[in-house]
Amino acid sequence: MPWQRETFKKIKQIPREEHVLPGTSLCAGCGGLEALRLAAKVLGDDVVYVNAAGCFTMLAAYPFTPFKGSWLYTTMGSAPAGAQGVRDALDVLIAKGRLPQRDDLKVVVLGGDGSTYDMALSSTSGAIYRGLDFYYFCYDNEAYGNTGVQLSAATPYGARTTTSPCSLQHPAGTIQEKKDIFEIWRAHKPPYIATVAPRYPLDLAEKFARAATFTGPKLFLALSACPTGWLYDPGETPEVAKLAVETGLWPLKEAINGAVTHTYLPKRKPVEEYLKLQGRFRHLFEPTKQEEAIRHIQERVDAYWQRVTV
Amino acid sequence: MRSIRFHGRGGQGAKTASRIVGTAAFLEGLTAQDSPLYGAERRGAPVSASTRIGREPIRERGLILQPDLIIIADESLIDDSSARVLDGLSERTAVFVNTALGSEQARDRFRIPGRVTALDLTDMTLRQFGKPVALSAPLGAVACRLLGLKAESLRAAVAGELADLGLPEAVIERNLALAASCYESVPLVPVEETAGAMPAPVPLWTPVYEPPTVGSARISASANSPLHETGGWRTFRPVLVPDKCNGCWLCFVYCPDGVISMTKDDLPLIDYDHCKGCQICVQECPTKALVAEREQEGAGTWRAK
């Protein structure tokens, strides 16, 4: 029986109300903001955002905030620890009767891929281990975007960043493979993990609605197509996000108590269609086509889908 | 020595244009210095770059406060007080504006004292590339011409700088052609040499530290970001053709900044004070009811309030 959406079936069920207001200094066409805005429509206003340093620092650049609720800013490595503090404070206040239960808030960590895949990994591991009841929203733009697009542990094989340029030694750019943070989280056995992409708003909204029924650590990995770092026109953000999913490079899936379900089965276009759109992969096509590198990316995707669909 | 300050929006190529001028001057045996300033860089946010060129070694450092030449990549920046485009302007400063207006009109419209020259680089780029792309080569070409640098130096500088950015050869060729035509067609104004006198030393400013409860950023207001308008980030704005709209909500759903809301009749309503002009709605509209129009005078024009 294929995966079914239960709450969000039609585009007009997406709530009209805005919970992340305009006026932020994020780049025009930011895929991460697109995903966050859609997520916030389901999360609502009763939220404390715990924001690790990164692109999303610009969300609430002093003295402005796009949120109706609270926002706590932390270093890149300590957002889950900050979330623990907020959660504990809320729990204590409610237990003592100083805060009515109906005023309870959701705690949502906002972290970029740099903090999620690298720096905050140990404090995240601790938070999951302690069973902290929080949402972790990772906007994955596959690089340290805020500081000028440097290599992160989420940068995929073959991408060019300012610290992994294509050179004579490494004509294909990045030689590292992207860390599988989904599986790292799953190994911790949290109740809910999901990947989302902004081009699939119903899938995204459905997953946030589902996650609300679980207590404990909940991860959302949002593909955040980045016009500035990935070098394409800002208007193409949804197209890039769509091709990432349609080529199978960004599988849409969820894991409930460890059991993985793919929520969308793409027809799997060739990865070239996705790579070609972006300047960070241009060196794979010009001046000479690097067949081997492209084949490597394709084979990795094929192997993944073969493993999960058998 | 002559000092040039470039102003553009993140992604428009002001930084690269500044490098092109520095490199072109260097190739002619001059000394050159260039330094961009963009804080937490954002596509669309105001950026500036400072270039100094001269025959003697350059001892000055830092931002250019009193430029001899100001190159403005986007006329909407002039109205944006945060961009501080006309800082340090005097009657002897030459100003170039990328605008559809003529030089005289631009001087009157933007109330710039001194020497104003203008050319519609955006239009020339659109004709060469068919889409709005970075203006680094045209901006660099204009600056080189006004400074009296040779066409060959410009050519070598553009080719070198764009190759460093990893652009493919075919694109560089078209940029070279575009740079050459901008070099030819920009109306000339004289650019003066900065007088030899050293600028007066500025007293060091010592920050006063408040206790953390007062001095640290704490936002007590709720949802006040709409007070910060980002409408000036646009070069192109989405415009609705109401007859073609089928009310499908896609523009509303995909807008990253949430500046599109749907009316009761399911027609999109665009908040031009905050639309950054990313064109996602234009690209995604299935019936082509949203079209991109170049930011010009009109009802939707953003004005600093």
Side-chain angles (χ1 to χ4, degrees), chain A residues 11-12 14 16 18-38 40-41 45 55 57-71 73 146-148 160 165-166 198-199 201 227-228 231 233-239 279 282-283 285-287, chain B residues 9-11 38-45 131-133 165-171 216-231 233-234 236 238 247-250 252-259 261-262 266 271 273-284 292:
Chain A
I11 202 101
K12 291 192 181 176
I14 302 254
R16 281 170 186 259
E18 299 291 344
H19 301 274
V20 182
L21 299 189
T24 63
S25 294
L26 268 74
C27 297
C30 174
L33 182 58
E34 195 172 322
L36 174 65
R37 175 180 157 260
L38 291 169
K41 281 180 182 286
D45 279 332
C55 288
T57 300
M58 306 302 287
L59 280 175
Y62 186 74
F64 300 114
T65 174
F67 302 118
K68 289 171 194 153
S70 301
W71 185 79
Y73 188 54
N146 190 45
T147 44
R160 180 168 63 94
C166 41
R199 174 57 193 242
T228 310
L231 305 170
D233 275 351
E236 285 166 2
T237 292
E239 182 66 12
R282 191 186 292 124
H283 56 277
F285 300 96
E286 292 172 26
Chain B
R9 299 192 171 282
Y38 35 68
E41 51 183 25
R42 285 291 169 269
R43 189 175 268 251
K131 57 178 184 177
V133 285
L165 292 181
L167 291 186
E169 231 158 86
V171 177
S216 55
R218 193 177 61 184
I219 306 173
S220 304
S222 163
N224 61 351
S225 66
L227 293 172
H228 179 234
E229 297 186 347
T230 46
W233 290 29
R234 286 192 302 270
F236 284 76
C248 70
W249 279 39
L250 285 184
F252 157 71
V253 170
Y254 290 136
C255 174
D257 288 279
V259 300
S261 49
M262 301 304 289
D266 279 346
D271 168 7
D273 286 343
H274 296 98
C275 168
K276 292 173 182 163
C278 68
Q279 309 301 331
I280 287 178
C281 52
V282 173
Q283 295 258 345
E284 291 302 311

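Scope of the values below: all heavy atoms of this structure, side chains included, with no hydrogens, waters or symmetry mates. Quick note on labels: first sequence line is chain A, next is B, and so on, each numbered from 1.
- Rounded to the nearest 0.5 Å, atoms CE (B:M262) and CD1 (A:I14) are 12.5 Å apart.
- B:L167 touches chain A through backbone and side chain together, each having a heavy atom under 4.5 Å away.
- In this structure, the portions of B:V253 lying under 4.5 Å from any heavy atom of chain A include both its backbone and its side chain.
- For chain A, the option among B:P226, B:A292, B:G44 with the highest count of heavy-atom pairs below 4.5 Å is B:P226.
- Summarising the geometry, atom OG belonging to B:S222 is positioned 7.5 Å from atom CG belonging to A:D45; distances are rounded to the nearest 0.5 Å.
- With a 4.5 angstrom heavy-atom cutoff, A:R199 touches chain B via backbone and side-chain atoms both.
- Pairs of residues two or more places apart, or lying in two chains, never qualify as salt bridge (Lys or Arg N to Asp or Glu O under 4.0 Å) while including a residue from residues 20-32 of chain A.
- For chain B, the option among A:A28, A:S70, A:P287, A:A35 with the highest count of heavy-atom pairs below 4.5 Å is A:A28.
- Heavy-atom distances place both the backbone and the side chain of A:L26 under 4.5 Å from chain B.
- Note that OG1 of A:T237 and CD of B:E284 are 9.5 Å apart. Values are rounded to the nearest 0.5 Å.
- With a 6.0 Å radius and a threshold of 12 heavy atoms from other residues, nucleotides or ligands, B:E169 has its CD atom at or below the threshold.
- Distance CD1/B:I280 to CG/A:D233: 11.0 Å, rounded to 0.5 Å.
- Interface check for chain B: of the options A:G32, A:P66, A:P198, the most heavy-atom pairs under 4.5 Å are formed by A:P66.
- Side chains of A:E18 and B:D257 form no contact here, defined as non-hydrogen atoms less than 4.5 Å apart.
- Distance check, rounded to the nearest 0.5 Å: CZ of B:F252 to CD1 of A:I11 gives 9.5 Å.
- Looking at A:P201, only its side chain comes within 4.5 Å of chain B, counting heavy atoms on both sides.
- In terms of non-hydrogen atom pairs under 4.5 Å with chain B, the most contact-rich of A:L21, A:T57, A:T24, A:L231 is A:L21.
- Contact of B:H228 with chain A is made through backbone and side chain together, with heavy-atom distances under 4.5 Å.
- Residue B:S261 does not touch chain A at all, counting heavy-atom pairs closer than 4.5 Å.
- In this structure, the portions of A:C55 lying under 4.5 Å from any heavy atom of chain B include both its backbone and its side chain.
- Neither the backbone nor the side chain of B:C281 comes within less than 4.5 Å of any heavy atom of chain A.
- The part of A:L38 that comes within reach of chain B is its side chain, from C-beta onward, which places non-hydrogen atoms under 4.5 angstrom from that chain.
- Not counting sequence neighbours, the partners of B:D266 by the salt bridge (charged side-chain N to carboxylate O under 4.0 Å, His left out) test are A:K12, A:R16.
- The residue among A:G31, A:P165, A:P227 with the most heavy atom pairs within less than 4.5 Å of chain B is A:P227.
- To the nearest 0.5 angstrom, A:C27 atom SG is 6.5 Å from B:W233 atom CH2.
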